[in-house]
Novice: 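Here you go, one structure.
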Number of protein chains: 2
Amino acid sequence: MKWREVDRQQCSVARALSVVGDRWTMLVVREAFLGTRRFEDFLEHVGASRNIVADRLRKLVDADVLARRPYQDAPPRYEYKLTAKGRELYPVLASLLAWGDRWMWEDENDRPLHLVHDRCGQRMSPQLACPCCGEAIDPREVTAVGERAS
Amino acid sequence: MKWREVDRQQCSVARALSVVGDRWTMLVVREAFLGTRRFEDFLEHVGASRNIVADRLRKLVDADVLARRPYQDAPPRYEYKLTAKGRELYPVLASLLAWGDRWMWEDENDRPLHLVHDRCGQRMSPQLACPCCGEAIDPREVTAVGERAS
DNA sequence: GGGGTTGGTTTCGAAACGAAACCTACTCGG
DNA sequence: CCGAGTAGGTTTCGTTTCGAAACCAACCCC
């Protein structure tokens, strides 16, 4: 199977990755969450080359994760903003951030970015909870049902 | 910047993706969470070709996400199991699953896999919560602090 | 000793990436 | 009016990675 065909797997993880699983794509989404709107700013902060950033922005717009719209007419200029679908990627990004914070730094004081929860004022590392009972989720207490045909 | 150098970014998301951001890698991790242990089973379920699966397993072992150990001596055979570091990728996988469930199916009844929280017995789609106050997280109520030098 | 099983490595053509150059459609300053 | 600058890309072309198939190795059992 080729990567381009991964969206045909009967698995939501595979299908999600068919949209956000290309190299650099989640870094483009990260920038969008940090407020980046313009092509040149994505280019500067994501770190990929021009043609790759252009390709990823186009694919994210095609997938309705970002919306592209002109913010001036003459000369024509565009901005990219998260859609509702894109904003719902927040848990994916926050989970990657938490895992990277936990495992990818020699000295945790070097970490450049922290999240603060405005409601309680605390620095936080988001955790998963069950929406119905509110309890923190332990993977061992979760059962995957009906997983596959084989 | 080349993708191989993405772990040099001063960003936990980028560094996390330097480990699990290659094509197919999160699908290998998905399989590990579903209980797959052996090479031939990863090969069958992940969908990538042999050399790619071998490469991703090797890189995940190098990154201490999976551990490779023999389960018999003659002939030599190996199994791959999640480490503590690997098990902590659960939120990333669960978030991708939830997003894929939400956005990647025409008919949600076609979704092949559901998660059931054993403690409360309900089918669930995990959500993020603040570990200190227990509230569900709204991205608009989270501030990113000290984001970057520029 | 022939065939089967498991866990890979090698090979080689195709696709994706990456850096630099180029293009377009304007602006502004002189 | 001319030249330089800016924003947002596309094109080109050499390098890297992917992907499918073939091959290899170390055993087992019959």
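Below, chains carry the letters A, B, ... as their sequence lines are ordered, and counting in each starts from 1.
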Novice: Ignoring hydrogens, what is the shortest heavy-atom contact between B:Leu34 and A:Ala144? Give both atom names and the distance.
Specialist: CD2-CB, 4.0 Å

Novice: Between A:Trp103 and B:Glu88, does any side-chain donor sit less than 3.5 Å from a side-chain acceptor?
Specialist: yes

Novice: What contact category does A:Tyr80 fall into here, base, sugar-phosphate, or nothing, at under 4.0 angstrom with non-hydrogen atoms?
Specialist: sugar-phosphate

Novice: Pull out every protein N or O sitting under 3.5 Å from an N or O of nucleotides 10-14 of chain C, one pair per line with the distance.
Specialist:
none

Novice: Ion pair present between A:Lys59 and A:Asp55, side-chain N to carboxylate O less than 4.0 angstrom?
Specialist: yes

Novice: Is the phosphate of D:dG9, meaning OP1 or OP2, less than 4.0 Å from a side-chain N or O of A:Arg68?
Specialist: yes

Novice: Check A:Arg37 with A:Glu31, please: is the shortest side-chain N to carboxylate O separation under 4.0 Å?
Specialist: no

Novice: Round to the nearest Å and state the distance from A:Leu43 atom CG to D:dT6 atom C1'.
Specialist: 14 Å

Novice: Take atom CD of A:Glu44 and atom C1' of D:dA7, then tell me their distance rounded to the nearest Å.
Specialist: 14 Å

Novice: How close or far is atom P of D:dG8 from atom CZ of A:Phe42, stated in whole angstroms?
Specialist: 10 Å

Novice: To the nearest Å, how far apart are B:Asp22 CG and C:dC17 P?
Specialist: 11 Å

Novice: Nearest whole Å is fine: how far is C:dT5 P from B:Glu40 CD?
Specialist: 10 Å

Novice: Rounding to a whole Å, what distance do you find between A:Ile52:CD1 and D:dG8:C1'?
Specialist: 16 Å

Novice: Identify all pairs in which a protein N or O lies below 3.5 Å from an N or O of nucleotides 27-30 of chain D, and state each distance.
Specialist:
none

Novice: Go through the side-chain N and O atoms of B:Tyr80 and B:Arg68 and say whether any donor and acceptor fall under 3.5 Å apart.
Specialist: yes

Novice: With the side chain counted from C-beta on, respond yes when A:Val145 and B:Leu113 share a heavy-atom pair under 4.5 Å apart, and no when they do not.
Specialist: no

Novice: To check you understand the geometry: which heavy-atom pair defines the closest contact between A:Asp64 and A:Lys85, and what is its length?
Specialist: O-CB, 3.5 Å

Novice: Which sits closer to the 5' end of DNA chain C, A:Arg4 or A:Gly47, going by the nucleotide each is nearest to?
Specialist: A:Arg4

Novice: Side-chain N or O of B:Arg56 versus OP1/OP2 of C:dG8: is the shortest distance under 4.0 Å?
Specialist: no

Novice: Hey, which of these two, A:Met1 or A:Arg23, hits DNA chain D nearer its 5' end, going by closest nucleotide?
Specialist: A:Arg23

Novice: Pick base, sugar-phosphate or nothing for A:Tyr71, based on heavy-atom distances below 4.0 Å to the nucleic acid.
Specialist: sugar-phosphate

Novice: Given atom CG of A:Asp41 and atom P of D:dG8, what is their separation to the nearest angstrom?
Specialist: 8 Å

Novice: Considering all heavy atoms of both residues, which atom of B:Asp101 and which atom of B:Arg111 are nearest to each other, and what is their separation?
Specialist: O-NH1, 2.9 Å

Novice: Could you tell me if the side chain of A:Tyr90 sits less than 4.5 Å from the side chain of B:Arg140, heavy atoms only?
Specialist: no

Novice: In whole angstrom, what separates B:Gln72's CD from C:dT6's P?
Specialist: 9 Å

